[in-house]
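One is the number of the first residue; the rest follow in order along the sequence. No experiment lies behind these values; they were computed from the predicted model shown.
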Amino acid sequence: MSTPAAPPYYQRHIFFCLNQRSNGENCCADHGAQAAFDHCKARVKAEGLAGVGKVRVNKSGCLDRCAGAPVAVVYPEGTWYSYVDSSDIDEIIEAHLKNGQVVERLLLPPDVGR
């Protein structure tokens, strides 16, 4: 008989690529990724969504999808987003992080890589 799995420590993680490239290649850091991360972290905390059993907002190094910069990914779903400004981040928070609904208009096409 197997033991039931423990609930996940966090319900969802959102990772923001903050990678900076010095060779002139496209990178998330050149497209406002730090500001988007800071905005998301502050909003998630202000909305009471942060913490154990809830949402964790994380920084990430290169996620290898630079052509779609800036990018973020939500787990456990593995949903990839490209965003433009804080209103896009707000929409991801409201729809996906709060309610589990994918924001279709911000999805990163599956063929976008480095």
Side-chain angles (χ1 to χ4, degrees):
M1 201 160 110
S2 64
T3 307
Y9 195 76
Y10 294 112
Q11 182 183 25
R12 288 192 177 85
H13 269 95
I14 183 167
F15 291 90
F16 284 83
C17 177
L18 301 182
N19 194 52
Q20 175 69 61
R21 295 192 181 284
S22 57
N23 61 4
E25 286 183 43
N26 198 38
C27 65
C28 293
D30 289 344
H31 295 278
Q34 182 68 53
F37 167 81
D38 293 342
H39 178 77
C40 186
K41 193 154 182 86
R43 275 283 319 277
V44 163
K45 186 175 180 180
E47 302 251 347
L49 299 174
V52 176
K54 298 177 185 175
V55 174
R56 173 79 181 166
V57 181
N58 283 92
K59 298 176 183 179
S60 172
C62 184
L63 293 170
D64 228 18
R65 306 222 39 209
C66 313
V71 300
V73 60
V74 176
Y75 285 109
E77 296 90 339
T79 304
W80 289 84
Y81 290 111
S82 183
Y83 53 87
V84 174
D85 55 26
S86 59
S87 66
D88 288 346
I89 300 304
D90 290 342
E91 191 172 350
I92 293 168
I93 293 167
E94 288 299 317
H96 198 148
L97 300 183
K98 272 188 176 180
N99 300 308
Q101 297 173 335
V102 171
V103 182
E104 299 282 337
R105 73 174 192 84
L106 296 176
L107 287 176
L108 185 64
D111 61 336
V112 172
R114 189 160 172 195

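Residues Y81 and Q101 approach most closely at OH-O, 4.4 Å, considering heavy atoms. A33 and P70 get closest at one heavy-atom pair: CB-CB, 4.5 Å. Residues G100 and R12 share a closest heavy-atom pair of CA-NH2, 3.2 Å.
No chain of hydrophobic side-chain contacts below 4.5 Å, direct or via other Ile, Leu, Val, Met, Phe, Trp or Tyr residues, connects V103 to L108. Note on V74: it clusters hydrophobically with L107, by side-chain heavy-atom contacts below 4.5 Å among ILVMFWY residues. No continuous path of hydrophobic side-chain contacts links V71 to L106 [ILVMFWY only; heavy atoms under 4.5 Å]. Put simply, L97 and Y75 are part of two different groups of oily side chains (I, L, V, M, F, W, Y) that touch within less than 4.5 Å, one to the next.
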Might you work through the side chain to side chain contact (heavy atoms under 4.5 Å, CB included) test for V55 and Y10, ending with a clear yes or no? CA-CA 6 Å; V55 174; Y10 294 112; over 6 Å; no

R43/S86 under side chain to side chain contact (heavy atoms under 4.5 Å, CB included): CA gap, chis, key distance, verdict: CA-CA 10 Å; R43 275 283 319 277; S86 59; over 6 Å; no

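Between F15 and H13, the ring-plane angle classifies as parallel under the 30° and 60° cut-offs.
For the pair C28/N19, no side-chain contact is recorded, criterion being any heavy-atom separation below 4.5 Å from C-beta on. No side-chain heavy atom of D30 sits less than 4.5 Å from a side-chain heavy atom of R21. For the pair Q34/H39, no side-chain contact is recorded, criterion being any heavy-atom separation below 4.5 Å from C-beta on.
Counting only distance, with no hydrogens or angles, the side chain of N99 and the backbone of E94 share a donor-acceptor pair below 3.5 Å. Formation of a donor-acceptor pair under 3.5 Å by the D85 side chain with backbone atoms of D88 is found in this model. In this structure a side-chain-to-backbone donor-acceptor pair under 3.5 Å is missing from D64 to R114. For Y83 (side chain) and I92 (main-chain N/O), no donor-acceptor pair under 3.5 Å exists by modelled atom type. With hydrogens and angles ignored, the 3.5 Å screen pairs a side-chain donor or acceptor of K54 with a backbone N or O of G48.
Note that the CG atom of L18 and the SG atom of C62 stand 11.0 Å from one another [nearest 0.5 Å]. With values rounded to the nearest 0.5 angstrom, R105 atom CZ is found 10.5 Å from S82 atom OG. Interatomic distance, CZ of R65 versus CG of N26, reported as 13.5 Å (0.5 Å rounding).
Put simply, the residue from L63, V73, N58, I89 that forms a side-chain contact (heavy atoms from CB on, under 4.5 Å) with F16 is I89.
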